[in-house]
Amino acid sequence: MVGEFFRNINKNKVMLFMVLPGALWFLFFSYLPMLGTIIAFKEYRFSRDGFWASIVNSKWVGWDNFKFLFSTNDAYIITRNTLLYNVVFIFVGLALSVLLAIVLSEITNKRLSKIYQTGMFLPYFLSWVIVGYFTFSFLSADRGLLNGVFESLGIQPIQWYAESKYWPFILVLVYLWKAVGYNSVVYLASIMGIDRSLYEAAMIDGASKMQQIRAITLPLLRPIITIMTLLAIGKIFYADFGLFYQIPRDSGTLYGVTNVIDTYVYRGLKSTGEIGMSAAAGLYQSVVGFVLVMTSNYIVRKFDKDNALF
Amino acid sequence: MNISFNLIAGIFAILCVFPFLFVVIISLTDESALANNGYRLIPEKWSFAGYQYVFDMGDSLLRSYGVTIFVTVVGTIISLLFMAFYAYAVSRKSFKYRNFFSFFAFFTMLFNGGLVPTYIIVTQLLGLKDTIWALILPLAVNAFYIMILRTFYSTSVPDAIIESGKIDGAGEFRIFLKLVLPLSLPGLATIGLFSTLGYWNDWFNALLYIDSPNLVPLQSMLMRIETSMQFIMQNASNSSISMEALRSMPQDTSRMAMVVLATLPIIFAYPFFQRYFIQGLTVGAVKE
């Protein structure tokens with residue numbers, strides 16, 4: 001047995017050597033953190049003697065961190081915000097991406113279509129920090145473009161970064177601005193894959209553009225739409241940290257509508273120092289996220305085996 | 001019909017590019033015109049003073065550029081090496097443990113420890129806090145990219161080629177370098193561009209792990225300027241020291257000039273990136 005094991009190791013040693021750096025990376029950056037989730041069940045204290053000593057010396061507190069987390073209003077607010085924003089992103093984003101893909105596919109001048117696509121792709125390549133500056137150039141209270149326009153129209157300027165009621169709209173707009181152009185390419189690619197003769201036949205039958213879109217394009221896009229949506233639902237418990245941290249400029253008065261699980265965990269770790277509760281929120285996110293990914297993948301597999309993640 | 005389609009797509013494309021152009025305009029506005037009129041599409045007075053200021057204070061910007069370039073180049077090389085080897089090994093049917101290592105990578109896409117344990121392990125166990133490696137290593141490997149690469153190898157490198165290499169007496173490494181690598185170049189280029197962009201745009205790892213001003217990358221420096229400006233502004237009324245500090249901070253135009261300078265390399269490279277990204281999107285959709 002043992003001898004055979006070593007013979008196998010020896011026979012595969014080159015391949016094992018090849019996976020070694022990556023495997024070590026996964027061990028340190030993925031699997032040890034998974035073990036580290038026990039911090040959520042401890043009252044974590046940093047120890048000078050390093051990681052292992054900190055873990056061992058911290059006191060077990062059982063489910064206390066979770067009890068504290070869920071007894072505050074925070075758990076409700078961050079869960080609500082994360083879910084609601086993602087739901088809006090998924091459905092509005094989907095509608096706009098598909099619409100744009102159809103529009104792009106119908107443009108007869110291919111050079112113009114390429115130019116539009118290049119423009120729409122730009123936001124995807126910029127970091128959230130840069131997008132934060134862009135947003136600021138519009139929303140700055142004393143210098144921003146919007147308040148400037150308001151002033152010339154005789155409307156009272158708005159302190160954008162202090163009034164939370166506008167932020168759900170601002171965040172959705174910024175998200176759509178950054179993501180829609182990129183996402184529409186996926187749908188455009190599958191529209192391009194549709195058999196042209198279907199449209200020719202429809203045209204001979206006298207179908208208008210709208211009728212063609214309704215009767216051919218949309219039904220044929222349905223499988224890919226279903227799959228993309230289900231996969232997005234699997235990730236509904238994760239928010240884009242950059243969007244919710246950079247765009248509102250970490251403004252405390254806006255936390256009620258901008259705090260999501262990811263920003264809450266970050267702040268618990270770095271600014272408020274509530275490591276135990278922050279770890280508990282992180283574990284809550286990972287576990288629910290895992291269940292959602294497994295469920296949505298199970299459903300995707302029922303629809304279409306080829307597109308499932310596993 | 002066609003006109004309205006062109007209009008919709010054209011307007012959306014312009015909206016996508018507009019904020020960037022607007023920031024370019026602000027960076028070219030005269031500071032006193034900004035103070036009087038705020039950010040305007042057509043400034044009262046143009047000026048290069050913002051850029052002048054940035055190049056005069058040069059040092060910290062140059063250093064941040066240096067950090068970002070170093071991290072991007074070294075990071076991309078490391079992640080390509082790690083992932084190309086890993087993906088190749090798990091794509092080979094002769095590798096006895098391929099299923100185990102595939103799953104080992106894949107499972108990390110389903111479940112993760114979250115931010116807090118990761119932070120504690122990186123700082124306390126690996127001791128990477130305030131080192132350049134904290135900007136490089138956390139982004140080095142990505143299970144999803146490994147899956148894409150594995151698919152790429154198994155579809156574009158036929159077993160027969162590897163067999164022929166073996167018959168000619170080449171070792172596994174030689175086969176990889178001389179036969180597999182040239183064939184898989186398009187796949188590697190796609191993943192390489194993905195990671196280049198990831199490293200260039202990263203600020204999150206700097207936010208978590210970097211305190212030393214010498215190691216602050218470009219994106220993160222832009223963030224820090226903004227935060228300290230806000231801090232000074234909020235406390236400007238009750239202290240004379242902060243007024244002093246405010247004067248030494250870069251002005252509005254020069255901050256926008258920095259934004260433009262940090263974005264410029266991407267603006268020039270992205271039409272090229274775009275092609276590979278579309279390829280990557282389609283490659284990623286194909287499974288083994």
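Keep in mind it's a predicted model, so treat the numbers as computed, not measured. Chain A is the first sequence line, chain B the second, and so forth, proteins listed ahead of strands; every chain is numbered from 1.
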Please flag which part of B:I266 lies under 4.5 Å from any non-hydrogen atom of chain A: side chain, backbone, both or neither.
-> side chain
Is chain A contacted by the side chain of B:A269, its backbone, both, or neither, given a heavy-atom distance below 4.5 Å?
-> neither
Which atoms of A:L104 approach chain B - backbone, side chain, both or neither, heavy atom under 4.5 Å | side chain
Out of B:I26, B:L110, B:N37, which one racks up the most heavy-atom pairs below 4.5 Å with chain A?
-> B:L110
B:F100 and B:F104 aromatic centres sub-6.0 Å = yes
Given that the side chain runs from C-beta out, which part of A:Y266 has a heavy atom under 4.5 Å from chain B: side chain, backbone, both or neither?
-> both
Contact origin within B:F111 toward chain A - heavy atom pairs under 4.5 Å = both
Can you say whether B:L128 sits under 4.5 Å from chain A via the side chain, the backbone, both, or neither, judging by heavy atoms?
-> side chain
Check the side chains of B:S102 and B:R150 for a donor-acceptor pair under 3.5 angstrom, ignoring hydrogens and angles.
-> yes
Could you look at B:M256 and say if it's the side chain, the backbone, both or neither that has a heavy atom under 4.5 Å from chain A?
-> side chain
If one checks every heavy atom of A:L269 against chain B at 4.5 Å, the contacting part turns out to be side chain
Assert top hit (heavy-atom pairs under 4.5 Å, partner chain A, pool B:C16, B:A105, B:P271, B:A13) equals B:C16
Would you mind checking which part of B:T123 comes under 4.5 Å of any heavy atom in chain A, side chain (CB onward), backbone (N, CA, C, O), both or neither?
-> neither
Most heavy-atom pairs under 4.5 Å with chain A, out of B:V17, B:L81, B:N112, B:D202, belong to B:N112
Contacting moiety of A:L145, where chain B heavy atoms sit under 4.5 Å | both
Cut-off 4.5 Å, heavy atoms of chain B, and the answer for A:Y31 is side chain
Hey, does the Lys NZ or Arg CZ of B:R255 hover above the aromatic six-ring of A:Y133, less than 6.0 Å from the centre and inside 45° of the axis?
-> no
Which atoms of B:F95 come close to chain A, meaning under 4.5 Å heavy atom to heavy atom: side chain ones, backbone ones, both, or neither?
-> both
Contacting region of B:M83 [heavy-atom separation from chain A under 4.5 Å] = neither
